[in-house]
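Here's the structure, in structure tokens; my notes come after.
Each ligand, and each atom within it, is numbered from 1 in the order the structure gives.
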Amino acid sequence: MKILFIGDIVGKPGRKAVKALLPSVLNRFKIDLTVANCENAAGGFGVTEKVSRELFDCGINIMTSGNHIWDKKEALGLLDKEDRILRPLNYPPGVPGRGSITVNVTGTKVGIMNVSGRVFMNPMDCPFRTADRELQSVKKETDVIIIDFHAEATSEKIAFGHYMDGRVSAVIGSHTHVQTADEQVLPGGTAYISDAGMTGPAYSVIGVEIEQIIDKFLRQLPKKFNTAKGDSVMSGVIIEINERTGKALSIHRLQMKSS
Ligand SMILES: [Fe+2]
Ligand SMILES: [Fe+2]
């Protein structure tokens with residue numbers, strides 16, 4: 001089974017890249033399931049129902065997210081009714097939505113989990129222990145499991161990857177918007193990458209207009225950020241999994257330009 005994971009989709013440029021590039025990727029690589037991080041899909045901040053529909057219509061099956069998922073108010077209601085959009089599992093009790101789902105892909109059950117790190121991030125429940133608890137129930141259904149680990153620090157991401165090694169099919173990092181070159185299948189059979197990268201404007205500071213971010217660093221004043229314009233890049237990884245054992249066979253990075 002082949003799973004495509006698309007890194008954080010940022011605003012209209014990111015959605016445009018998905019629309020232009022995804023059909024050919026699905027076809028060329030014979031992808032069975034597509035998961036994408038949508039935390040920045042609506043104007044760079046959060047997601048709306050309209051935007052999520054647009055992305056599902058492009059061929060994305062499940063969407064994960066992260067700290068920006070609440071930036072648009074309507075996410076509160078949307079995540080309660082749309083179970084194909086996940087938010088990190090390790091929010092405290094009482095938060096809308098869910099952090100994992102199991103779907104049927106051509107006769108094989110696939111579990112998708114979304115977990116947030118907590119180093120240089122908002123305080124969250126322990127990602128390691130929360131994932132352990134969730135795995136106990138997901139494992140009853142399937143061994144084919146992928147986790148979007150939404151985190152800032154590479155140390156926390158790598159540690160989490162090794163902690164999960166042999167128990168899930170893949171741990172894919174998101175949030176930094178910069179693709180890392182450390183993709184590998186860990187000894188226990190878990191595919192790993194620290195960050196899948198961004199799907200959004202290539203000439204930007206992690207998706208935002210360059211001048212705005214430089215000004216923020218220079219003057220430290222509160223500022224509204226706009227998604228940058230221009231050519232876009234679609235970033236992600238393709239993971240091949242033995243659906244009988246749940247072990248990963250390979251992980252390959254993907255970066256494609258779209259004008
Ligand atoms: Fe992001
Ligand atoms: Fe994030």
Exercise answer: donor-acceptor pairs, residues 88-97 side-chain atoms, under 3.5 Å, sequence neighbours excluded:
from, atom 1, to, atom 2, distance (Å)
Asn90, OD1, Ser116, N, 3.0
Asn90, ND2, Ser116, O, 2.8
Asn90, ND2, Asp125, O, 3.0
Tyr91, OH, Trp70, NE1, 3.1

Problem set entry | In the protein, N/O/S atoms that are found under 2.8 Å from the Fe ion (ligand 1), waters not counted | Asp8 OD2, Glu39 OE2, Asn40 OD1, His177 NE2

Seminar exercise, completed: Tested for side chain to side chain donor-acceptor pair (under 3.5 Å) against His177, the lone hit among Asn37, Asn40, Thr199 is Asn40

Without placing hydrogens or testing angles, list every side-chain donor-acceptor pair under 3.5 Å for residues 11-19, not counting sequence neighbours.
from, atom 1, to, atom 2, distance (Å)
Arg15, NE, Glu54, OE1, 3.4
Arg15, NE, Glu54, OE2, 3.0
Arg15, NH1, Ala41, O, 2.8
Lys19, NZ, Glu54, OE2, 3.3

For this session: May I ask you to decide whether Asp231 forms a salt bridge with Lys257, counting only side-chain N to carboxylate O separations under 4.0 Å?
Result: no

Exercise. Does any pair with a residue in residues 188-222 pass ring-ring contact (aromatic ring centres under 6.0 Å, His included), and if so which ones, sequence neighbours excluded?
Worked result: none

For this session: Check whether any side-chain heavy atom of Arg167 sits under 4.5 Å from a side-chain heavy atom of Asp132, and report yes or no.
Result: yes

